[in-house]
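Quick notes on the structure that follows.
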Amino acid sequence: MFWTFLQRSIRFSTIFLYGATGEIITEKSGHLNLGIPGIMCIGAVGGVIGESLYLKSLADISNINGFAAVFVPIIFAMLFAALAGLLFSFMTVTLRCNQNVTGLTITTFGIGFIGFYMNRIDKTNFGIASTYFTNGFPCAADAGWFGQMFLSYGTLVYLAIIIAVIAAVVIKRTRTGLNLRAVGENPATADAAGINVTKYRYIATIVGSAFAGLGGLFYIMDYLGGNIEYSVDTYGWMAVALVIFSVWKPNWGILGSILFGALYIAPNYLNVSFSQKELVKLIPYVVTIIVLIITSIVNKRESQPPAALGTSYFREER
């Protein structure tokens, strides 16, 4: 039972990891994008539309190609989510709108978007297509507990970990990451040093949104097996909380997401009442508040959010 619980925790944590990684990339540029829950919803819709279009293009479902059944929805999910990120950037960078209000507006739109379109999309054969998302390595069944723990997940689980690791390396170890952090810490100084603040904020927000959108696709096509459920935004808010819990470090987000996933599904393994189960699900938020308090008291620079987070940059005021 322990190995099964841990395996399911890792799988479920993928939803949070995509959202948190995308938001960390965005926040490193100084953008506070509270539209992540809505963007995850938009990514889910995009992925479902892509899957539906691909399945309709087949004359016979037996001709389905596993790679295309996964790749096409991924592209559509990232494209839809990236467009939402582009809209957020246009509103907050070009039009200088308030970041909090803009993000909450996108979240509201995303929730309505998924509720409106999911009932109108032809989801025929989605159950068959979802198997290509959930299939692990062929040798997983023969590798005992090791195969169950490390080889039994679908493509999107491994992709989430790879993206988080690459994001951590780029942010910490490359010149691009250094410039991105400079923009988030002090955009005026970065601008004076020749760094294009507008470009970095646009790209970081668009790329971060594209990654977050994959969380919505994973939830629908992998975790739910092609079924439709409208609670994607709930996990988006947990992803935002995970950003604080992981102190803005994508590699820490991997472990944090597993912890959040374990705490969220733990009530299913406990012999407690419904109300007690709901209280257990609140633990990730409580832990996040505790971490926020601790980091504020310790006040180490590496555990603090970007100094310019949530503030718009006006070059004329430099």
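- Glu51 places no side-chain N or O within 3.5 Å of a backbone atom of Pro73 that could act as its donor or acceptor partner.
- Side-chain atoms of Arg11 never come within 3.5 Å of backbone atoms of Gly261 as a donor-acceptor pair (strictly under, hydrogens ignored).
- The line from CD1 of Ile166 to CG of Asn251 is 13.0 Å long, rounded to the nearest 0.5 Å.
- Defined by atom type and a distance below 3.5 Å, a donor-acceptor pair is present between the side-chain atoms of Asp191 and Tyr313.
- Counting all heavy atoms, side chain and backbone alike, Gly236 lies closest to Pro37 at C-CG, 3.7 Å.
- Using modelled atom types, no side-chain atom of Ser257 and backbone atom of Leu17 make a donor-acceptor pair closer than 3.5 Å.
- Aromatic ring pairs are classed by plane angle as parallel below 30°, tilted from 30° to 60° and perpendicular above 60°; the pair Phe245 and Phe260 is tilted.
- Here the two rings, on Phe211 and Tyr18, have centers that are 6.0 Å apart or farther.
- Arg8 and Tyr223 form no side-chain donor-acceptor contact under 3.5 Å, judged by distance and modelled atom types alone.
- Under the 6.0 Å cut-off for aromatic ring centres, Tyr235 and Tyr264 qualify, their centroids lying closer than that.
- Looking at Leu86, Leu87, Ile25 one by one, the single match for side-chain contact (heavy atoms from CB on, under 4.5 Å) with Ile206 turns out to be Leu86.
- Shown here is Trp252, whose CH2 atom has no more than 12 heavy atoms of other residues, nucleotides or ligands within 6.0 Å.
- The nearest pair of heavy atoms linking Gly215 to Ile15 is O-CG2, 4.2 Å.
- Between the side chain of Ser52 and the main chain of Ile49, no donor-acceptor pair closer than 3.5 Å is present.
- Counting all heavy atoms, side chain and backbone alike, Ile36 lies closest to Ala212 at CD1-CB, 3.8 Å.
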Under the side chain to side chain contact (heavy atoms under 4.5 Å, CB included) criterion, do Ile254 and Val165 qualify, and how do the steps go? CA-CA 9 Å; Ile254 297 174; Val165 172; 3.9 Å; yes
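- In the model, His31 has no side-chain atom that pairs as donor or acceptor with a side-chain atom of Thr26 under 3.5 Å.
- Remark: the Tyr202 side chain and the Thr94 side chain contain an N/O donor-acceptor pair separated by less than 3.5 Å.
- A donor-acceptor pair under 3.5 Å links the side-chain atoms of Asn227 to the main chain of Leu224, judged by distance alone.
- A donor-acceptor pair under 3.5 Å links the side-chain atoms of Asn98 to the main chain of Val101, judged by distance alone.
- Checking side-chain atoms of Lys172 against main-chain N and O of Lys249 turns up no donor-acceptor pair under 3.5 Å.
- At distances below 3.5 Å, at least one donor-acceptor pair connects side-chain atoms of Gln99 with backbone N or O atoms of Leu32.
- Under the 4.5 Å side-chain criterion, counting only non-hydrogen atoms from C-beta, Ser246 is in contact with Ile24.
- Leu214 and Ala77 make their closest contact through CD2-CB, 4.3 Å (heavy atoms, listed as atom of the first residue, atom of the second, distance).
- Taking the six-membered ring where tryptophan is involved, the planes of Phe12 and Phe16 are perpendicular, since the angle between them exceeds 60° and thus also 30°.
- Under the 4.5 Å side-chain criterion, counting only non-hydrogen atoms from C-beta, Tyr153 is in contact with Gln7.
- In this structure, the separation between CG on Leu255 and CG on Leu259 is 9.0 Å, given to the nearest 0.5 Å.
- The two residues Ala266 and Phe5 come nearest to each other via the heavy atoms CA-CE1, 3.9 Å.
- Remark: side-chain polar atoms of Asn65 are paired, donor with acceptor, to backbone N or O of Ala68 under 3.5 angstrom.
- Residues Leu180 and Ser29 share a closest heavy-atom pair of CD1-CB, 3.5 Å.
- A side-chain donor-acceptor contact under 3.5 Å links Asn186 to the backbone of Thr189.
- By the neighbour-count criterion of 12 heavy atoms within 6.0 Å, atom CZ of Phe71 is sparsely surrounded, having that number or fewer from other residues, nucleotides or ligands.
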